[in-house]
Amino acid sequence: MLKKNFVSLVFSAKKLQILQLNPSKKKVERYLTADIPEGLIVGHKVQDVDILAKLISQVWKKANIKEKTVGLVVPEFSTFIKTLDMPNLSVEELDEAISWQAHDYLPKSPDSMTMDWRIAKKEKDNVQVLLVAMEKELLNGYVNAVGKAGLFPELVETPSLSLVRASDVSVSNKLIIYAYFEEVIVTIADKEKIIVSSVVDTKDPNEIISTINRILGHYKDIKIENVLIGGFGIDQVLIDALSKGLKKEIKILNIKVGGISNEDTQNYLIPLSLQFKPPSEPADENTVNLLPKSIIDEYKKKHDALRYWSLLMLLTFVVWSSFLATLGVYIYFLQQIRAYEQKTSANRNVIIQTQDARQTIGEINKASSSVLKIMDLSLDPQDILNNINSIKNDGISIRRYKMELDRYEIEIEGVSLQRSDLIDFKSDLEDLELVEKATIPISSFEVESDLNFNMILTLNKKFKKQ
């Protein structure tokens, strides 16, 4: 399925990171880090939603980001992660069973927390489920600030989830160490399953090693096979110290994309990794999204309303432009008539005056009739868009329409998941009554997937608007 575009927004107590990839997910378009004022986030809780919203809005304007849909990463220490062993039930039954069992594990009442889960490992008779939960009050602080900034949140996850995705998910029993601003996130995972995650508030190798040893002392059955490290200020001295203390070879976490240096890649691993997460709803048993479905639906309605309003404004502009152009032609001809009448009033030859005036009026009537015919034959842009959207398949994402109805042409710019999706879309368009033909440059078919295309639709001049 075509990856939906959104912008990564990562929060820590003192920093805010923003990153956006291009539609093909192969190059970084924009990225920056902004300071969060001291005391604005205390104990992982937003103290003033309005101030944070203003900060986000200013950063968005500074970065000149047009996209409004965002994915959030909230501080690791504000969340609760637990692996549960459950019977192999249907998704609906499994969700109900996890909700009941959560009462025994969550630090607070489940009613005061938002949670989501995904299947980490599936066997014949049982499944292992990764449960992630967060206090609603803490989550609402970040989500409300983003909403007040004029953005539309679509997913929420934690740094450890992003870091596991950034590592090789096929590797089992791995230890991930990530230096993250003023703290270090330590995560132990088996492939995609997070076993435990902890936060160390110092980059001192001794403290990191001590924390890891305490974790391993508690989870004695875990045998670490791979150690990966990344993040801010990672140098060879720290790597050597950790390698010696853990008696393991240290590998570097990395995500290969264009438009960003290797050093900045380390600093932006979490927002980079989030860009490759599908924005699935919490009901999806294969992903974790801490944003409740009710909030997703609420912001989706607001986003759709903004799109409809923008389209309505465009259509209003087109209609008024046509009307004003016609009015301008009428006023111009009217001025010509009056000027002609004034000029010929002094002419003694009344017959010549009358003939010339009639000829001019006839030309005016002819021109006015042509204008009215053009207006009568004009196609309704809304009808055209409705026809196109009615046959657009899921593999097609349209970024821009450019209408030139006086030439009976429409230019469509977009992205196609597969070459076959684009061919089907072209064929379906040509089956429409209003389309005479659809033209796509051969260069648009050079790649098999993620095709950027420009299509020219030639409209049927015989098509009558409804």
Side-chain angles (χ1 to χ4, degrees), residues 6-21 28-65 70-79 134 138-149 151 153 155-163 165-166 176-187 197-204 208 229-235 238 253 255 259-275 277 290:
F6 62 91
V7 181
S8 296
L9 197 59
V10 181
F11 293 95
S12 74
K14 298 180 180 179
K15 300 289 183 179
L16 172 67
Q17 283 187 313
I18 293 175
L19 185 139
Q20 181 184 27
L21 291 180
V28 177
E29 288 191 344
R30 295 174 181 84
Y31 64 98
L32 60 86
T33 299
D35 293 325
I36 293 178
E38 188 75 28
L40 184 54
I41 297 179
V42 178
H44 310 292
K45 181 179 179 181
V46 178
Q47 302 299 308
D48 194 317
V49 171
D50 292 332
I51 293 179
L52 183 57
K54 184 177 180 180
L55 172 64
I56 296 170
S57 181
Q58 290 173 345
V59 173
W60 223 255
K61 185 176 180 180
K62 179 181 178 181
N64 193 28
I65 300 176
V70 296
L72 311 184
V73 175
V74 296
E76 182 74 22
F77 206 69
S78 65
T79 58
M134 181 179 184
L138 295 181
L139 177 63
N140 290 340
Y142 297 100
V143 173
N144 292 340
V146 170
K148 286 189 175 184
L151 306 178
L155 61 96
V156 175
E157 73 172 20
T158 66
S160 60
L161 290 169
S162 296
L163 292 172
R165 189 185 308 110
I176 303 172
I177 303 169
Y178 186 75
Y180 183 54
F181 295 115
E182 65 280 352
E183 59 192 21
V184 175
I185 299 173
V186 176
T187 302
S197 178
S198 182
V199 178
V200 184
D201 58 3
T202 176
K203 294 181 181 178
D204 183 350
I208 298 172
I229 189 171
F232 295 75
I234 296 299
D235 54 24
L238 178 59
L253 274 171
I255 297 177
I260 189 171
S261 66
N262 291 333
E263 181 181 355
D264 282 338
T265 298
Q266 288 298 318
N267 296 342
Y268 287 86
L269 269 178
I270 291 176
L272 261 175
S273 175
L274 184 65
Q275 286 284 288
K277 176 182 174 66
L290 285 174

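Only heavy atoms go into these numbers, but all of them, side chains included; no hydrogens, no water, no symmetry mates. Predicted model, so just to flag it, every value in this text is computed and none were measured. Along the sequence shown, residues are numbered consecutively beginning with 1.
Closest non-hydrogen pair, V49 versus N144, comes out as CG1-C, 3.8 Å. A pairwise comparison of heavy atoms in A34 and V59 identifies CB-CG2, 3.7 Å as the closest pair. The two residues V46 and G141 have their closest heavy-atom pair at CG2-C, 3.8 Å. A145 and A53 get closest at one heavy-atom pair: O-CB, 3.3 Å. Taking each heavy atom of V146 and P153 in turn, the nearest pair found is CG1-CD, 4.0 Å. Listed here is the closest heavy atom pair of A13 and I36: O-CG2, 3.9 Å.
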Donor-acceptor pairs are to be reported for all side-chain atoms of residues 266-273 against protein atoms at under 3.5 Å, with residues two or more places apart or in another chain.
unit_1	atom_1	unit_2	atom_2	d
Q266	OE1	G231	N	3.0
Q266	NE2	L253	O	2.6
Y268	OH	T33	N	3.2
Y268	OH	T33	OG1	2.6
S273	OG	S162	O	2.6
S273	OG	R165	NH1	3.1

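Pairs engaging residues 45-65 under the ring-ring contact (aromatic ring centres under 6.0 Å, His included) rule: none recorded [sequence neighbours left out]. The list of salt bridge (Lys or Arg N to Asp or Glu O under 4.0 Å) pairs with a residue in residues 34-45, not counting sequence neighbours, reads K15-D35, K45-E137.
In this structure, CG on L9 lies 9.0 Å from CD1 on I65, to the nearest 0.5 angstrom. The line from CD1 of I56 to NZ of K54 is 13.5 Å long, rounded to the nearest 0.5 Å. Taken to the nearest 0.5 Å, the CE atom of M134 stands 9.0 Å off from the CG atom of N140. Atom CD1 of residue I185 and atom CD1 of residue I176 lie 10.5 Å apart, to the nearest 0.5 angstrom. In this structure, F6 CZ and L72 CG are separated by 10.0 Å, a value rounded to the nearest 0.5 Å. A distance of 10.0 Å separates CG in L290 from CG in L155, rounded to the nearest 0.5 Å.
For the side-chain contact (heavy atoms from CB on, under 4.5 Å) test, residues two or more places apart in sequence or in another chain that qualify with V199 are E76, F77, E183. Among residues two or more places apart in sequence or in another chain, the side chain to side chain donor-acceptor pair (under 3.5 Å) test is passed with D201 by none. Partners of S8 under the side chain to side chain donor-acceptor pair (under 3.5 Å) rule, at least two apart in sequence or in another chain, are Q275. Residues passing the side-chain contact (heavy atoms from CB on, under 4.5 Å) test with T202, sequence neighbours excluded: V200, D204, E207. Legend: residues meeting side chain to side chain donor-acceptor pair (under 3.5 Å) with D48, ordered by chain and number and at least two apart, are absent. For Y142, the ring-ring contact (aromatic ring centres under 6.0 Å, His included) test picks out F11, with sequence neighbours left out. Not counting sequence neighbours, the partners of Q20 by the side chain to side chain donor-acceptor pair (under 3.5 Å) test are R30. Evaluation of the ring-ring contact (aromatic ring centres under 6.0 Å, His included) rule for Y180 yields no partner, not counting sequence neighbours.
A salt bridge links K277 to E157: at least one charged side-chain nitrogen sits closer than 4.0 Å to a carboxylate oxygen.
Counting only heavy atoms from C-beta outward, the side chains of L40 and I51 approach each other to under 4.5 Å.
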